[in-house]
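Working notes for the structure below.
Bear in mind that the values here come from a model prediction, so they are computed numbers and not experimental data. Nothing fancy with the numbering, it's 1 onward along the sequence. Every number for a ligand or one of its atoms is a count from 1 in the order of the listing. What's counted below: heavy atoms across the whole structure, side chains too, no hydrogens, waters or symmetry copies.
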Amino acid sequence: MLQPIILRLALPVPLRRYFDYLIPEGIDTSALIPGVRVRVPFQSRTLVGVLLEVVNESSVPLSKLKPALEVLDTESLFPEDIFKLCRWAAEYYHYSLGEVLSNAMPGELRKGKSTSIKLKSPIISNASDVVPELNAAQQFAVNTIADAKNKFNVFLLDGVTGSGKTEVYLRAIQDCLTHGKQVLMLVPEISLTPQTIDRFRARFKEHIVALHSNFSELERLRGWITAKSGQAKIVIGTRSAIFTPFANLGLIIVDEEHDTSFKQQDRFRYHARDLAIMRASVNQIPIVLGSATPSLESLLNAKRKRYKYLTLPERAGAAQLPRYQLVDLRQSTVEEGLSTPLLQLMREHLAANNQVMLYLNRRGFAPVFYCGECHWIVGCKRCDTRMVYHRKPPRLHCHQCDAKQSIPKKCSECGGENLNPVGLGTQRLEETLAAYFPDVPIIRVDRDNTRRKGAMQDLITQIHSQEKAILLGTQMLAKGHHFPQVTLVGIVDGDSGLFSADFRAVEQMGQLLVQVSGRAGRAEKRGTVVIQTRQPDHMLLQTLIHRGYNEFAETLLAEREAAMLPPFSYFAVFRAEAYAEDNAQHFLNTLKNICTTTSKAITVLGPVPAMLAKRKGLYCQQLLVRSDKRSALQQFLKNILQQMEESSKQSVKWVLDVDPVEVG
Ligand code: ADP
Ligand code: ZN
Ligand code: ZN
């Protein structure tokens, strides 16, 4: 028999194939197990790849193979389930396995650093056990999840905000720990706050690891190591934590499963919730998807009985759901974005020493800078967007490409000097509020004032330490936090989202409105939510506020079914970018021609300019591929990509996005 001499590797490069290298001299061949990292020369660089197998034949002549440089590990970095998950993901998202595996490692390991580092002793607090008694719905959910141990089961936990979903997670986790297993909980980026971690530390006297993309590389590596060895019992993390190895995983929880931050929007475009379900299936363990506003995808799966549906219909304890009030902006006096009825309510709630929260998803001072003489609007030179006017510090800023410029004194079209900021951003609203309510603390939360590490935390602490106050912010403020003093929530612009080109925008608007409203009256005090709108009769808005999210979602599902949109069909998008508009279009047209001749089960739409047609000087076009069957779409994409890879070099940068969350 031939002596195996060739290392077959997955390398972190876009090419979707394997690479063969010779075994370096003097290597102990018993260390050559799949899953160890190997450093190799590649073109003019060195790369860290992952060993897939040792073989004795290659399609490349032996004389052309280069020797690998070194083997970096003595044991596999990837337990069998992660390997399976990565292989599945590479196939499903049509992405290079080498890149997927590289993504699955902490940054330090990607660079080739050693896994033997000094670990810190874990923070284990004295768990207090103030544990509330569960209500019947919670108890039922906990029991059902506990009964499904050691089996693959997907539970959709649909519970209104404040209904005690987290309490259900905590009990399910407790049960899992009692059986000696580990738990992975995924949360949206915005909600992995020290408060979340504290709540877990207060409950469990266990080694808990938090993994967030903002944490240092070293911290993340430590978390990874302790989860793999079994020392860490609970891992709470954002999207990429789905790739954490565990010694003995028993349960996965995905909180706020509808949140779009679970989908990676660049390079390897995976959906962490969908991978989590795959992982639970590989491991044959239960997974709980929780939300007050489940995605239409998950609701449909529950209706089709693929997921087990668990519901918490009422708020836990004494808290009540808020009442809604619509303000017709066409009929009311409005100054600087605030209507008289909203101002009046704000005065009342502040007079009672409560907090008011205003939601406006537009940072900066004003979205438009405008010439009153010739109606010219300052746009970004590199993007198809308008420059946003910022006052502190004064500048025009492109929120797409980050370009900044000083504020022009004269119109560059007509030379006129009558230039004005138009429209409302959070900074302008802050100034207006300060004039209306000079004695009330105003706390603004948006990306401009939370960049510094710890800044968000400071603002949250400030909010908790105040009595009356006005909180004002973008979705950074609206999602996931618990502010018991807030009794009034004002949605300053309730119409954004109703008329977007993206078919998912309405779903997301509904989710956000409910999430924002969920901030009101979480404690003993009942909350009020005011929505300012020019469309008070809009059917979906009416359904949402009078009948609740579930009926709203039913209506949307019926619309999607009629239009054969996801989740009733499956999408993939090819996006092409080029400095010349024609090139991107031409590339996609060529692709379209290949597509239309290949399969009947497929519909191809486009190419059309993307919602943001130009960004950083690049024109972006997209081609939408749709099928009623997931498997047909997958087979089709596989064929097409193979053909594309075999054809000549492409001058255009392109990506494929499977199950895109944005298709404008
Ligand atoms: P959700 O995760 O659904 O928003 P939480 O689990 O955070 O809800 O619960 C909201 C509040 O209600 C928390 O302060 C929590 O401690 C409390 N709570 C949860 N379950 C109960 C219960 N059964 N009885 C009393 N209070 C509860
Ligand atoms: Zn002008
Ligand atoms: Zn720009």
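- Between Lys392 and Asp448 there is no salt bridge, since no side-chain nitrogen of the basic residue lies less than 4.0 Å from a carboxylate oxygen of the acidic one.
- Under 4.0 angstrom from ligand 1, the non-hydrogen atoms of Thr166 come from both its backbone and its side chain.
- Take Tyr549 and apply the side-chain hydrogen bond (donor to acceptor under 3.5 Å, both in side chains) test, not counting sequence neighbours, and it matches Gln511.
- A side-chain donor from one of Glu257 and Ser295 sits under 3.5 Å from a side-chain acceptor of the other.
- In this structure, Arg273 forms no cation-pi arrangement with Phe262, as its terminal cationic atom is not both closer than 6.0 Å to the ring centre and no more than 45° off the ring axis.
- Residues Asp657 and Arg575 are paired through a salt bridge, judged by an N-O separation under 4.0 Å between the basic side chain and the carboxylate.
- Around the Zn ion (ligand 2), the protein atoms of type N, O or S found under 2.8 Å away are Cys371 SG, Cys374 SG, Cys411 SG, Cys414 SG, listed by chain and number.
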- [ ] Go through the steps for Tyr307 and Ser298 under the test side-chain contact (heavy atoms from CB on, under 4.5 Å), then give the verdict.
- [x] CA-CA 8 Å; Tyr307 297 174; Ser298 296; 4.0 Å; yes

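- Using 4.0 Å as the threshold, Gly159 has no heavy atom nearer than that to any atom of ligand 1.
- Partners of Ala172 according to the side-chain contact (heavy atoms from CB on, under 4.5 Å) rule, which considers only residues two or more places apart in sequence or in another chain, are Ile145, Leu251.
- Listed by chain and number, Cys380 SG, Cys383 SG, Cys398 SG, Cys401 SG are the protein N/O/S atoms closer than 2.8 Å to the Zn ion (ligand 3), with waters left out.
- Considering backbone and side-chain N/O atoms, Gly164 comes within less than 3.5 Å of an N/O atom of ligand 1.
- With ligand atoms numbered from 1 in the order given, ligand 1 contributes 23 (N) to contacts under 4.0 Å with heavy atoms of Asn135.
- A donor-acceptor pair shorter than 3.5 Å cannot be found between the side chains of Glu297 and Asn301.
- Side-chain contact, Thr528 with Gln325: no donor N or O sits under 3.5 Å from an acceptor N or O.
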TODO: Kindly indicate, with the supporting measurements, whether the criterion side-chain contact (heavy atoms from CB on, under 4.5 Å) is fulfilled by Phe369 and Leu419.
DONE: CA-CA 7 Å; Phe369 195 57; Leu419 290 170; 3.7 Å; yes

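- Remark: the backbone N or O of Glu467 is paired with a side-chain donor or acceptor of Gln355 at under 3.5 angstrom.
- Residue Pro132 touches ligand 1 through its side chain alone, judged by heavy-atom distances below 4.0 Å.
- Neither the backbone nor the side chain of Glu256 comes within 4.0 Å of ligand 1, counting heavy atoms alone.
- The main-chain N or O of Arg444 is found under 3.5 Å from a side-chain atom of Asn449 such that the two form a donor-acceptor pair.
- Contacts between Glu133 and ligand 1, counted as non-hydrogen atom pairs separated by less than 4.0 Å, involve the backbone only.
- A salt bridge does not link Glu256 to Lys165: none of the charged side-chain nitrogens sits closer than 4.0 Å to a carboxylate oxygen.
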